[in-house]
Amino acid sequence: MKKYLIVVAGPTGIGKTNTGISLARYFNTAIVSADSRQIFKELTIGTAVPHSKELKTVKHYFIQSHSIFENYNASKYENEALKIIETLFEKHDIVLLVGGSMLYINAICNGIDIMPDADPEIRKALKKQLENEGIESLRYSLKKLDPDYYTKVDLKNPNRIIHALEISILTGKPYSSFRSNPKKERSFSIIKIGLNCSRNQLHEIINKRVDRMIDAGLETEARNLYHLKHLNALNTVGYRELFSYFENEITLEKAIELIKRNTRRYARKQLTWFRNDEEMNWFEPGQIKEIITFIENRISENEQH
RNA sequence: GGUGCCAUAGCUCAGUAGGUAGAGCAACGGACUGAAAAUCCGUGUGUCCUUGGUUCGAUCCCGAGUGGCACCA
């Protein structure tokens, strides 16, 4: 039998964890998480990591496996997760990739270009340039260092420009020379399962889940991390709003309201990305049987060719 | 029961000296290759409560109805 990576994606709160566990038990395999925040061991309540009970039933990878002090990114994830996946395929024909981080899933399925890690000092300097001289100045630098990318990039998006600049400065070569938009060959086939429900339902799930997080002590978790708020890992829905509350910028009620709103928006953004993926096969959460049947049919079709 | 006020976007409300309407919030759509739960761009989504009348034309003026609120009984 060939090897199959089953991707389970969908907006936050839709039930990826449960679906993933059901599928993993049925196929007797492990789960590789594709979640850019659940990966951090310092974050628990605000990221809705699977409960320890759930983690005991099925082996999970990349759940609370890294530290927020590490500068993590999609490329590191691609390298590390791919290694784990390859290892798992030694014992399993099917492996599950479960999560909502669009770029991370994309890194596994299609790969991203190889280029050096950004230098924190250079990034710092560019941030300062943005702060002091404005985005216009960054654009000017980019036009000089990478005129080709200058015509393609969203010139209003400082993060994009900064990244192109930091790579160009670090390597002495234009950022665009590293960009080939690869579709990397993988040793396994990919079957993508997308989970979605009505928008009203999704909003209700999200609102309730945020209330549950607050009841579970999210405020305390955030307060204990407050002194680390400069870390990128904490530029995260659920924490940043509480940080504003700690700074007396908003009330607790307002912070909770904003967490709900920003989570809803995040879910929408995820859907925008996933909807665009033509390989995605959509199901409602709870349609486990249908999903299993679909996967088995897909595999048996594939085995015949 | 009587009197008064109100009824416009999902919500709170503005407005039109009569020419089918706009703010805030919410919502919705999109971009995306090393910060991605990040970052950035875009979009009013409407039986102006219903129904008669006046008018070339009514969301606006007049009458009636319905619903809500307040006060008086």
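Note on naming: letters A, B, ... go to the chains in the order of the sequence lines (proteins, then strands), and numbering restarts at 1 for each one. Please read these numbers as outputs of a predicted model, since none were measured by experiment.
- For B/A38, its base sits under 3.5 Å from the side chain of A/R160 at one donor and acceptor pair at least.
- In this structure, A/F40 atom CZ and B/A38 atom P are separated by 13 Å, rounded to whole Å.
- For A/N106 and B/U33, a side-chain-to-base donor-acceptor distance below 3.5 Å is absent, hydrogens and geometry of angles not being considered.
- Proximity of A/R240 to the phosphate of B/A38: a side-chain N or O atom is located under 4.0 Å from OP1 or OP2.
- Atom CD1 in A/I135 sits roughly 10 Å away from atom C1' in B/U39 (whole-Å rounding).
- Nucleotides B/G1 and B/A26 are separated by 43 Å at their P atoms, to the nearest Å.
- Distance CZ (A/R268) to P (B/G29): 6 Å, rounded to an integer number of Å.
- RNA chain B contains the following stems of three or more consecutive Watson-Crick or G-U pairs, with both distances under 3.5 Å: B:1-7 with B:66-72, B:10-13 with B:22-25, B:27-31 with B:39-43, B:49-53 with B:61-65.
- Put simply, A/Y72 has no side-chain N or O that comes within less than 4.0 Å of OP1 or OP2 on B/A35.
- Within the 4.0 Å cut-off from OP1 or OP2 of B/C32, not a single side-chain nitrogen or oxygen of A/N181 is found.
- Checked for salt-bridge contact, A/E86 and A/K83 miss the test: no charged N lies under 4.0 Å from a carboxylate O.
- For A/N157 against B/U39, a side-chain-to-base donor-acceptor contact under 3.5 Å is present.
- A/H66 and A/E80 are linked by a side-chain donor-acceptor pair at a separation below 3.5 angstrom, with hydrogens and angles left out of the test.
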Practice problem: Would you please test A/D211 and A/K260 for salt bridge (charged side-chain N to carboxylate O under 4.0 Å, His left out) and show each step? | Solution: CA-CA 9 Å; A/D211 285 333; A/K260 288 176 183 172; 2.9 Å; yes
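- Of the side-chain N and O atoms in A/N276, one or more sit less than 4.0 angstrom from OP1 or OP2 of B/A31.
- For residues 289-305 of chain A, no pair satisfies salt bridge (charged side-chain N to carboxylate O under 4.0 Å, His left out), with sequence neighbours left out.
- The CG atom of A/D113 sits 9.5 Å away from atom CD of A/E78, with the distance rounded to the nearest 0.5 Å.
- Taking only side-chain nitrogens and oxygens, A/H203 comes nearer than 4.0 Å to OP1 or OP2 of B/C28.
- Residues A/D93 and A/K3 are paired through a salt bridge, judged by an N-O separation under 4.0 Å between the basic side chain and the carboxylate.
- With a 6.0 Å cutoff to the six-membered ring centre and a 45° limit on the axis angle, A/K173 does not count as a cation-pi contact of A/Y175.
- Counting to the nearest Å, the P atom of B/C28 and the CD atom of A/Q270 are 13 Å from each other.
- Put simply, the side chain of A/K269 and the base of B/A38 share a donor and an acceptor less than 3.5 Å apart.
- Residue A/R275 places no side-chain N or O under 4.0 Å from the OP1 or OP2 atom of B/C28.
- Look at A/R264 and you won't find any side-chain N or O under 4.0 angstrom from OP1 or OP2 of B/A26.
- A salt bridge does not link A/K229 with A/E241: every distance from a Lys NZ or Arg NE/NH1/NH2 to an Asp or Glu carboxylate oxygen is 4.0 Å or more.
- Taking 4.0 angstrom as the limit, A/R199 places a side-chain polar atom (N or O) nearer than this to OP1 or OP2 of B/C28.
- Taking atom CG of A/D154 as the reference point, atom P of B/C32 lies 10 Å away to the nearest angstrom.
- The side chain of A/T272 places an N or O atom within less than 4.0 Å of a non-bridging phosphate oxygen (OP1 or OP2) of B/G30.
- If you take NZ of A/K260 and C1' of B/A26, they are 14 Å apart, rounded to a whole angstrom.
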